[in-house]
Amino acid sequence: MSKARLVITAVVVEGRPVAEVVATYGVSRSRLYELLARYRDEGEAAFEPRSKAPKTSPRATPPATVDLVLTLRKQLLEAGHDAGAETICWHLLQHHEVRLARATIHRILTRHGAVTPEPRKRPKSSYIRFEAAMPNECWQSDFTHYPLTDTATFPKGVEIITWLDDCTRYALHISAHRAITPRS
């Protein structure tokens with residue numbers, strides 16, 4: 001049940017005082033009166049959720065410009081030319097004296113299905129990560145070479161060895177050792 005239905009029912013049907021309803025349901029007095037006025041005007045339709053989108057977008061790209069972008073895209077593709085946002089941007093400016101940002105053109109093309117999305121990065125959901133199901137089922141060993149500033153004592157740096165339980169991600173053992181380089 002929506003909050004609007006609850007507060008309107010509490011005031012209209014149950015006859016509870018406005019102050020009590022405001023305190024009980026945590027709505028402002030002005031919001032409650034707004035809902036009551038809507039209920040008087042619209043009846044049951046007042047209970048339906050409303051869109052929070054603005055009624056107008058004065059800075060939106062004009063529909064004629066959107067149509068021009070889509071037409072240019074189609075013409076460039078039919079002629080066998082590059083029809084990306086950068087090219088369309090150039091054609092708009094040179095031939096139609098319309099200035100649009102490349103990102104705006106790309107959003108228009110994407111919104112109208114003229115561009116197949118090709119993400120630069122794979123989504124994290126596509127990663128296949130091995131993880132052990134039980135503690136101590138599998139351990140990882142990691143060797144990291146780390147150069148030190150004290151090159152007299154450790155001329156080749158140190159090797160940091162880490163043993164990790166793959167299930168719990170708990171570091172079982174960490175130690176540093178003098179780096180050993182095999183003879184070639």
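Index from 1, following the sequence.
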Shared hydrophobic cluster, V12 / V7 (ILVMFWY, side-chain heavy atoms < 4.5 Å): yes
Other residues, nucleotides and ligands only: do more than 12 of their heavy atoms fall within 6.0 Å of OH on Y25? yes
Is there side-chain contact between T144 and E159, with heavy atoms separated by less than 4.5 Å? no
Where is the tightest heavy-atom contact between A10 and E14, given as atom of each residue plus distance? O-CB, 3.3 Å
Are side-chain N/O atoms of S175 and H173 paired as donor and acceptor at under 3.5 Å? yes
Quick one: does T71's side chain have a donor or acceptor within less than 3.5 Å of a partner on D67's backbone? yes
In terms of hydrophobic clusters joined by side-chain contacts under 4.5 Å, are I160 and L164 together? no
Partners meeting side chain to side chain contact (heavy atoms under 4.5 Å, CB included) with R29 (sequence neighbours left out): V18, A19, V22, Y33
Donor-acceptor under 3.5 Å (R102 side chain, C89 main chain): no
Is it the case that the side chain of S51 and the backbone of A53 share a donor-acceptor pair, with hydrogens and angles ignored and the cut-off at 3.5 Å? yes
For T65 and T61, indicate whether the former's side chain and the latter's backbone hold a donor-acceptor pair under 3.5 Å. no
Using a 3.5 Å distance criterion without hydrogens, assess whether the side chain of H112 forms a donor-acceptor pair with backbone atoms of I108. yes
Would you say the side chain of L172 lies within less than 4.5 Å of the side chain of T162, judging by non-hydrogen atoms? no
With a cut-off of 6.0 Å (strictly less than), are more than 12 heavy atoms of other residues, nucleotides or ligands near CH2 of W90? yes
Please walk me through it: do I161 and H177 pass side-chain contact (heavy atoms from CB on, under 4.5 Å)? CA-CA 8 Å; I161 303 173; H177 303 272; 3.4 Å; yes
Report yes or no: does S57 contribute a side-chain atom to a donor-acceptor pair with the main-chain N or O of A60 at less than 3.5 Å? no
Say you draw a straight line from CG of L68 to CD of Q75; how long is it, rounded to the nearest 0.5 Å? 8.5 Å
Atom CG of L70 and atom CD1 of I105: how far apart are they, to the nearest 0.5 Å? 11.0 Å
Which value, rounded to the nearest 0.5 Å, describes the distance between R73 atom CZ and E78 atom CD? 12.0 Å
Straight-line distance of L35 CG to R5 CZ, nearest 0.5 Å: 12.0 Å
If you draw a 6.0 Å radius around CZ in R16, do more than 12 non-hydrogen atoms from other residues or ligands fall strictly inside? yes
Is there a continuous path of hydrophobic side-chain contacts, each under 4.5 Å between heavy atoms, that joins L93 to L76? no
Which distance, rounded to the nearest 0.5 Å, do you find between the CE of M134 and the OG1 of T168? 11.5 Å
Inter-residue atom distance H81.NE2 - H91.NE2, 0.5 Å rounding: 7.0 Å
Tell me, do T87 and L72 make a side-chain contact under 4.5 Å, heavy atoms counted? no
Minimum heavy-atom distance between D165 and C138, given as atom pair plus value: OD1-O, 3.4 Å
Around atom CD of E97, are there more than 12 heavy atoms from other residues, nucleotides or ligands closer than 6.0 Å? no
